[in-house]
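In what follows, every chain begins at residue 1, and chains take the letters A, B, ... in the order their sequences are listed.
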Amino acid sequence: MSPADDAPDRGPDTAPTDFLRELIRSDMADGTFGGRIQTRFPPEPNGYLHIGHAKAICLDFGLAAEFGGTCNLRFDDTNPDTEDTEFVEAIVDDVAWLGFEPERAPLYASSYFDQLYAWAEHLVSAGLAYVDDQDGETISAQRGGFGRPGVESPFRTRSIEENLDLFRRMRAGEFPDGARVLRAKIDMQHDNMQLRDPVMYRIRHAHHHRTGDDWCIYPTYDWAHGQSDAIEGVTHSLCTLEFDSHRPLYDWYLDHLPLPSDRPRQTEFARLEFTYTVTSKRKLAKLVEDRLVDGWDDPRLPTLRGIRRRGYPAAAIRDFCEFIGVARTVSRHEIELLESFVRRELNATALRRMVVLRPVRLTITNWPVDEHGAAAVEWVEVANNPENPDEGVRRVPFSGSLWIESDDFRAEPPPKFFRLSPGREVRLRGAYFVTCTGFETDDAGNVTEVMCTYDPATTGGNAPDGRKVKSTMHWVSVDHAVDVMVALYERLFAAEVPGEATGDPLDDLNPTSREVLERCRAEPIVGECPPGSVVQFERLGYFAHDPSTAGLFHRTVGLRDEWANIQRRSAR
RNA sequence: UCGCGGGUAGUUCAAUUGGCAGAACACCGGACUUUGAAUCCGGGGGUUGCAGGUUCGAGCCCUGCCCCGCGAGCCA
């Protein structure tokens with residue numbers, strides 16, 4: 001093989017290009033920001049991260065690294081009512097799991113409260129901010145609407161001295177919650193509603209997870225975000241599309257503060273959404289609070305903790321995010337595309353094991369007995385991963401009494417079914433060819449036992465005469481089987497866009513999103529699977545061993561299943 | 001109603017900035033196979049939202065229209 005053959009798929013010629021990279025490249029080329037790039041990932045610690053955040057994380061950290069810069073993890077903790085250290089810890093952990101390392105220890109917008117306050121006084125002193133005594137309802141009504149200009153607050157023309165005095169007394173705690181706010185003095189007629197004298201500070205006598213009771217006024221998102229970026233030296237402040245209309249405000253604040261010329265610049269991109277799920281903290285919290293799922297790490301949830309417990313590899317998520325690129329078109333990806341990345345990664349890395357989900361007994365009638373009259377046991381070698389010979393082989397006990405998958409036997413085989421049925425010969429993986437000689441049923445007609453003979457010449461699954469079989473099946477020795485519990489998952493929602501029809505996503509909840517199989521039979525080595533590891537149950541799919549409950553396996557994703565497609569097509 | 005953003009295959013994105021509209025996933029077919037997996041090969045798929053204009057030539061530029069998203073928290 002020549003060196004060119006094993007060159008990576010993405011050489012310099014095919015490096016991803018998108019509007020963000022083009023922007024950064026052009027900034028680098030013309031010396032904007034002195035050829036420097038610094039980004040930040042700015043979650044609010046009021047919930048758990050989900051798959052949608054993965055795109056932002058990959059972009060914020062990935063782009064900085066790609067262009068030789070750095071990325072901070074900064075908590076946007078300006079609202080004490082909803083935030084908690086529980087979420088801080090989980091978010092730090094999730095970002096690390098995804099494979100990204102912040103340049104510094106986590107940062108907090110709350111660390112900048114003093115500076116923010118000083119800058120607010122600066123704006124008040126410049127006549128660019130004022131204290132408004134009206135309540136929220138009144139202010140909202142005065143703001144006007146789309147195509148309808150707002151009206152100015154009667155307090156807008158207060159003197160600078162009075163504003164300063166009032167603002168200081170707000171900070172000193174002289175007024176109750178909601179009594180007054182500090183507002184930027186911009187333009188109540190502006191087409192962009194964000195610029196109609198936005199609120200900068202609100203009074204909230206609340207305990208903050210980091211600053212405790214030091215403050216009773218808290219900055220709003222808009223007043224805190226750009227300034228935090230500036231303090232940290234962020235150059236490219238990347239966020240999702242819904243902040244597009246906030247950009248003029250982001251710039252307005254920065255323009256009116258004593259800052260160096262290298263100011264951060266906000267750029268928006270489309271958030272990541274998927275079919276058959278929801279990615280909104282509010283909706284996810286609803287599922288958890290209403291106990292519709294087990295918790296924030298339920299494997300059916302698109303939270304990072306959920307998909308991690310489900311067995312999705314971080315590498316697959318990173319590859320996916322790189323593959324989909326970034327644009328400004330609102331996009332909802334087919335969940336199948338993510339799954340295909342999960343399969344691709346796991347196919348290369350997951351060890352193969354044999355587990356029978358829905359067991360039916362198979363008896364080999366001509367299996368030998370040993371010198372004591374007991375059924376012989378033979379340990380056969382099976383590859384741990386045919387995709388990767390370096391993983392070696394394991395020895396699996398085989399005998400005349402086996403469990404096979406009930407789906408793998410049909411008394412009356414339908415067209416194109418080429419697994420086991422009376423008179424049919426198949427291969428038992430790594431062991432022998434067997435031919436079905438008969439079967440037993442119970443009173444209801446369910447198959448209870450399948451009888452076979454085996455061909456001793458086909459040891460290891462090889463036929464010396466070269467004859468072929470149409471099917472190779474997995475199996476587990478009855479006497480050596482270990483019981484495991486398996487959770488099979490379908491989509492959490494039955495509709496492509498949950499809530500599209502009725503407005504409430506819960507109306508589209510899939511009632512059969514989880515099926516638990518209590519007694520699946522596994523080959524002995526499955527009992528040694530490390531918690532959290534993901535293996536392939538041959539012919540069935542990838543399964544993740546639960547991190548805390550031994551013997552519980554979550555189906556990460558099934559294998560592609562041509563037989564299921566055939567059945568689906570013939571059903572129509 | 002006003003402002004901003006967006007519209008290329010079923011889906012998500014490309015198209016060297018005005019030069020033969022492509023890729024992946026999905027779907028269909030074939031090869032191979034000790035996983036009906038993986039892998040390999042091939043196929044169907046398009047009025048580039050619509051209409052007009054500029055141009056030798058328009059997905060790209062201009063004009064008008066249509067559709068979708070976001071915006072009137074003291075949330076982020």
Side-chain angles (χ1 to χ4, degrees), chain A residues 13 16-18 42-44 46-47 76-79 81-83 132 135-137 139-150 177-183 190-194 196 198-204 217-218 220-222 224-225 239-248 268 270 275 281-282 323-334 336-341 343-344 347-348 352 354 382-383 386-387 416-419 427-431 433 458 460-463 468-474 536-541 558-566 569:
Chain A
D13 297 342
T17 80
D18 50 67
E44 186 190 12
N46 68 344
D76 228 331
D77 54 351
T78 57
N79 184 354
D81 292 342
T82 57
E83 297 157 6
D132 196 329
D135 61 28
E137 213 172 303
I139 290 175
S140 175
Q142 285 173 351
R143 188 130 41 213
F146 306 137
R148 195 159 41 86
D177 286 4
R180 287 172 226 263
V181 290
L182 184 73
R183 290 227 262 170
H190 204 105
D191 282 334
N192 183 345
M193 302 285 293
Q194 307 303 326
R196 319 247 266 222
V199 171
M200 294 167 61
Y201 276 98
R202 67 283 214 190
I203 299 172
R204 191 122 329 157
I217 59 171
Y218 289 93
T220 54
Y221 164 85
D222 289 296
H225 203 93
C239 63
T240 44
L241 249 23
E242 65 266 32
F243 293 101
D244 179 281
S245 61
H246 294 241
R247 187 172 2 110
E268 312 83 24
T275 53
K281 278 187 193 170
R282 217 194 74 250
F323 177 83
I324 58 168
V326 58
R328 288 174 66 86
T329 57
V330 311
S331 54
R332 193 188 324 273
H333 287 262
E334 291 179 344
E336 292 87 344
L337 184 60
L338 210 214
E339 290 173 345
S340 77
F341 275 80
R343 283 195 197 95
R344 185 182 305 183
N347 177 53
R352 314 287 129 124
M354 291 196 287
V382 184
E387 299 287 319
K416 292 184 181 166
F417 179 87
F418 47 79
R419 276 112 91 143
R427 175 189 294 111
L428 294 179
R429 168 132 241 198
F433 283 14
T458 56
N462 298 299
K468 306 272 188 199
V469 287
K470 295 276 276 182
S471 181
T472 298
M473 298 174 9
H474 61 282
Q536 185 194 99
F537 291 174
E538 287 216 44
R539 305 206 302 137
L540 298 172
L559 258 24
R560 278 194 63 220
D561 189 349
E562 180 56 23
W563 171 236
N565 284 346
I566 291 169
R569 281 198 296 271

statement: Under a 4.0 Å heavy-atom criterion, the protein footprint on nucleotides 70-76 of chain B, written with B, S and -, is SBBSBSB
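- Residue contacts for A/Arg560: at a heavy-atom cut-off of 4.0 Å it reaches the sugar-phosphate backbone alone, with no base atom in range.
- Taking atom CZ on A/Arg328 and atom C1' on B/G69, their separation rounds to 12 Å, with Å as the unit.
- Along RNA chain B, the nucleotide nearest A/Val326 and the nucleotide nearest A/Arg427 are compared for position; the residue whose nucleotide lies closer to the 5' end is A/Val326.
- For a distance-only test at 3.5 Å, the side chain of A/Gln536 qualifies as a donor-acceptor partner of the base of B/U35.
- Separating the P atom of B/A26 from that of B/U47 is a span of 24 Å, rounded to the nearest Å.
- Ring-plane geometry between A/Phe243 and A/His246 is classed as perpendicular, the angle between the planes exceeding 60 degrees on a 0 to 90 degree scale with a lower cut at 30.
- One C1' atom belongs to B/A72, the other to B/C4, and the distance between them is 14 Å to the nearest Å.
- Judged as a ring pair (Phe, Tyr, Trp, His ring centres under 6.0 Å), and not counting sequence neighbours, A/His474 has no contacts.
- A/Phe323 places its CZ atom 15 Å from the P atom of B/U11, with the value rounded to the nearest Å.
- For the P atoms, the distance from B/U8 to B/U17 is 23 Å, rounded to whole Å.
- When each of B/U35, B/C25, B/A38 is scored by its nearest atom to the side-chain atoms of A/Glu538, the top-ranked nucleotide is B/U35.
- OP1 or OP2 of B/C28 sits under 4.0 Å from a side-chain N or O of A/Arg569.
- A/His190 is linked by a ring pair (Phe, Tyr, Trp, His ring centres under 6.0 Å) to nothing, counting only residues two or more places apart in sequence or in another chain.
- Atom P of nucleotide B/C28 and atom NZ of A/Lys416 are separated by 11 Å, given to the nearest angstrom.
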- prompt: For RNA chain B, what is the dot-bracket line, given that a base pair needs Watson-Crick (N1 to N3, plus N6-O4 or O6-N4) or G-U wobble (N1-O2 and O6-N3) geometry with both distances under 3.5 Å, and | means paired with another strand?
  reply: .((((((..((((.....[..)))).(((((.......))))).....(((((..]....))))))))))).....
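- Note on A/Tyr218: nothing from the nucleic acid sits closer than 4.0 angstrom, heavy atoms only.
- With rounding to whole Å, A/Arg196 atom CZ is found 14 Å from B/C4 atom C1'.
- Residues that satisfy the side-chain contact (heavy atoms from CB on, under 4.5 Å) test with A/Val469, not counting sequence neighbours, are A/Glu425, A/Arg427, A/Phe433.
- A gap of 38 Å separates the P atoms of B/C25 and B/G52, to the nearest Å.
- Classified by its glycosidic torsion, B/G44 falls in the anti category, the angle being over 90° from 0.
- With hydrogens and angles ignored, the 3.5 Å screen pairs no side-chain donor or acceptor of A/Arg419 with any backbone N or O of A/Ser471.
- Distances from the side chain of A/His333 to the nucleotides B/U12, B/G36, B/A38 place B/U12 closest.
- No engagement by A/Leu540 is indicated, since no non-hydrogen atom pair under 4.0 Å with the nucleic acid exists.
- Among B/A38, B/G36, B/G6, the nucleotide with an atom closest to any side-chain atom of A/Phe418 is B/G36.
- Look at B/U35: its glycosidic torsion is beyond 90° from 0, and that puts it in the anti range.
- A distance of about 27 Å separates the C1' atoms of B/C74 and B/G5, rounded to the whole Å.
- We find that CZ of A/Arg343 is positioned 16 Å from C1' of B/U39, with the value rounded to whole Å.
- Salt bridge annotation for A/Arg569-A/Glu562: present, with a cationic side-chain nitrogen under 4.0 angstrom from a carboxylate oxygen.
- Here the straight-line distance linking atom CZ of A/Arg196 with atom CG of A/Asp191 works out to 7.5 Å at 0.5 Å rounding.
- Regarding A/Arg539, its CZ atom lies at a distance of 5 Å from the P atom of B/G36, rounded to whole Å.
- For the C1' atoms, the distance linking B/A38 with B/G57 amounts to 46 Å, nearest Å.
- Below 30°, between 30° and 60°, or above 60°: for A/Phe341 and A/Phe323 the angle between ring planes is between 30° and 60°, a tilted geometry.
- Here B/A37 presents its C1' atom at 13 Å from CG of A/Asn565, a figure rounded to the nearest Å.
- The gap from the C1' atom of B/C27 to that of B/C61 amounts to 37 Å, rounded to the nearest Å.
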task: Given side-chain contact (heavy atoms from CB on, under 4.5 Å), test A/Asn79 with A/Asn46 step by step and report yes or no.
output: CA-CA 9 Å; A/Asn79 184 354; A/Asn46 68 344; over 6 Å; no
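- A close approach under 4.0 Å does occur between a side-chain nitrogen or oxygen of A/Ser331 and OP1 or OP2 of B/C13.
- Look at CZ on A/Arg332: it is 14 Å from P on B/C68, rounded to the nearest Å.
- A donor-acceptor pair under 3.5 Å links the side-chain atoms of A/Asn192 to the main chain of A/Ser245, judged by distance alone.
- Contact annotation for A/Phe433: no contact, since no heavy-atom pair falls under 4.0 Å across all strands.
- Projected onto RNA chain B by closest heavy-atom contact, A/Ala431 and A/Leu559 fall at different nucleotides, the more 5' of which corresponds to A/Ala431.
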- request: Evaluate the criterion side-chain contact (heavy atoms from CB on, under 4.5 Å) for residue pair A/Phe417 and A/Trp563; output intermediate values, then yes/no.
  value: CA-CA 8 Å; A/Phe417 179 87; A/Trp563 171 236; 3.4 Å; yes
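- Partners of A/Arg539 according to the salt bridge (charged side-chain N to carboxylate O under 4.0 Å, His left out) rule, which considers only residues two or more places apart in sequence or in another chain, are A/Asp408.
- A distance of about 25 Å separates the P atoms of B/G19 and B/G10, rounded to the whole Å.
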